[in-house]
S.K.: 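Before I ask anything, here is the structure I am working with.
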Number of protein chains: 2
Amino acid sequence: MALRDAILVSLGDGPMSGYDLAKHFDETIGFFWRATHSQIYRELAKLKDRGLVTSEHVPQSGRPNRILYSVTDKGREALLEWSRQPAAADPVKDDFLVRLYGLEHMDMDALLEHLNQRLEGHRERLAKFSRIAAEARPRTLGELGRLRGLEIGLRYEREWAQWCEETLQALSPENIARFDTVVPLDNKKGRPKQ
Amino acid sequence: MALRDAILVSLGDGPMSGYDLAKHFDETIGFFWRATHSQIYRELAKLKDRGLVTSEHVPQSGRPNRILYSVTDKGREALLEWSRQPAAADPVKDDFLVRLYGLEHMDMDALLEHLNQRLEGHRERLAKFSRIAAEARPRTLGELGRLRGLEIGLRYEREWAQWCEETLQALSPENIARFDTVVPLDNKKGRPKQ
DNA sequence: TGACCATATGTGCAAAGTGTCATATGAAAC
DNA sequence: GTTTCATATGACACTTTGCACATATGGTCA
């Protein structure tokens, strides 16, 4: 139940509406935790019921009114209590690695293409994170923590990018040629090319 | 919907029972994908309904009978088709990084303790993966793919371990002393020590 | 003898998460 | 003029996931 806490942490930066939070989850905190707007609105309703946040209606002209949420003392206490609980280690769940595990049964051309796409994504995020990290000058504890988060994101993207390059090399036609002597039974239809 | 495919890939190694698969998910494929036995049994039932696997009852003496599942041609086709679909990038979801983001609102002592625990886990898995990788001599495409999977696991654990060390350093009492001038309002009860 | 463990397959239920639709409005693009 | 976009909140259906429980049996250990 960490969506609750991800929201409370986000509201620590100041009052936000559900819409703001959804954007915040897409951008800032998005590397660590994801949530859709429907999930967020539902969770906000629960948080309000339990008294962890308060809401305030802000009329707007032209656009729909906003509902600004703020953390209460009870909410801050809940956060503190949460931080004492053991942190759930996030299990990696990766489609692509499952495919690699069953490499013999896959469409190799498609796999290489996906690998290239993936490499590109990792490179882009690596460049973005590097740029932000280079300019960071943490002055508060909060900023220090966020910089450490950025740092693991950076390492993560860097390693994945390098791994993609290595894997593209390892799975290049020249390199897999010698493995092709072992053709699995079920690939008679599956791999017409090469 | 990749649990389906993770099961089909696992069954590519040969017929297995639900119980076998659950163990397989705990051990071999566990770094990429996780599933509990209840999830697996339910998914197997669905797969059988759709004709992607067949089942065979194997009587045993003493223990409950096993039900061995095998992939059908239709199942192999489904796998191949799946491998052509874009691979879903796995969103990182990490309690601990959310806490770091809201570092000002957390219990620092507890956080440092969790960080140490985490470091230990990463080190253990790093050692384990290194050991396995050192002995690997891939002879088939499948083995090559599994080695590549192991390689990213290794890199992942290595970077996390290093990051934990760096972060422990960065959040050591000496280093955060100068940040302590900015004491958040809500920490009056939260951080009695230090 | 009784508790517990490993094997083996399942069900029930609640929580968590995803995707789509509904509603409302002004501004900009075509 | 009509579509589309950005803002803004919410309902609803659906799937996925995880936990606890149910059932069955033989072996091990205290």
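Everything numeric in this text was worked out from a predicted model, so none of it was measured.
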S.K.: Would you say the side chain of B/R50 lies within less than 4.5 Å of the side chain of B/K46, judging by non-hydrogen atoms?
M.R.: yes
S.K.: D/dA24 C1' sits how many Å from B/R66 CZ, rounded?
M.R.: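 Those two atoms, CZ and C1', are 16 Å apart.
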S.K.: Is the side chain of B/E143 donor-acceptor paired with the backbone N or O of B/R139 at a distance under 3.5 Å, no angle test?
M.R.: yes
S.K.: Check the distance between D/dA6's C1' and A/E27's CD and give it to me in whole angstrom.
M.R.: 13 Å
S.K.: Is a side-chain donor or acceptor of A/W33 paired with a backbone partner of A/I7 at a separation under 3.5 angstrom?
M.R.: no
S.K.: Scan nucleotides 18-26 of chain C nucleotide by nucleotide, 5' to 3', and note B when protein non-hydrogen atoms come under 4.0 Å of the base, S if they reach only the sugar-phosphate, - if neither.
M.R.: BB----BSS
S.K.: Looking at DNA chain D, which of residues 2-19 of chain A put a heavy atom within less than 4.0 Å of it?
M.R.: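 Heavy-atom cutoff 4.0 Å gives A/S17, A/G18, A/Y19.
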S.K.: Would you say that B/E151 contacts A/W163 through its side chain, given a criterion of any heavy-atom pair below 4.5 Å between the two side chains?
M.R.: yes
S.K.: In terms of the nearest nucleotide of DNA chain C, which residue is placed more toward the 5' end: B/Y69 or B/K23?
M.R.: B/K23
S.K.: Taking only residues two or more places apart in sequence, or in another chain, which ones meet A/H122 in a ring pair (Phe, Tyr, Trp, His ring centres under 6.0 Å)?
M.R.: A/W160
S.K.: Quick one: does B/S83's side chain have a donor or acceptor within less than 3.5 Å of a partner on A/D107's backbone?
M.R.: yes
S.K.: Can you check whether A/L8 reaches B/H105 side chain to side chain, under 4.5 Å on heavy atoms?
M.R.: no
S.K.: Are A/L103 and B/T140 close enough that some pair of their side-chain heavy atoms sits under 4.5 Å apart?
M.R.: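 A/L103 vs B/T140: side chains apart.
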S.K.: Would you mind reading off the distance between A/N65 atom CG and D/dG10 atom P, rounded to a whole angstrom?
M.R.: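 My rounded result for the distance is 11 Å.
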S.K.: Please confirm whether the shortest side-chain N or O distance from B/Y41 to OP1 or OP2 of C/dG10 is below 4.0 Å.
M.R.: no
S.K.: Check for a donor-acceptor pair, side chain of A/R123 on one end and backbone N or O of A/L119 on the other, with a separation under 3.5 Å.
M.R.: no
S.K.: What is the distance from NZ of A/K46 to C1' of C/dA14, rounded to the nearest Å?
M.R.: 10 Å
S.K.: Calculate the interatomic distance between B/H57 atom NE2 and C/dA8 atom P; express it in whole Å.
M.R.: 14 Å
S.K.: Roughly, in whole Å, what's the span from CG in B/D20 to P in C/dG10?
M.R.: 13 Å
S.K.: Taking CG from A/L47 and P from C/dA16, how many angstroms apart are they, rounded to a whole number?
M.R.: 11 Å
S.K.: How many Å lie between CD1 on B/I67 and C1' on D/dA24, as a whole number?
M.R.: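 Going from CD1 in B/I67 over to C1' in D/dA24 covers 14 Å.
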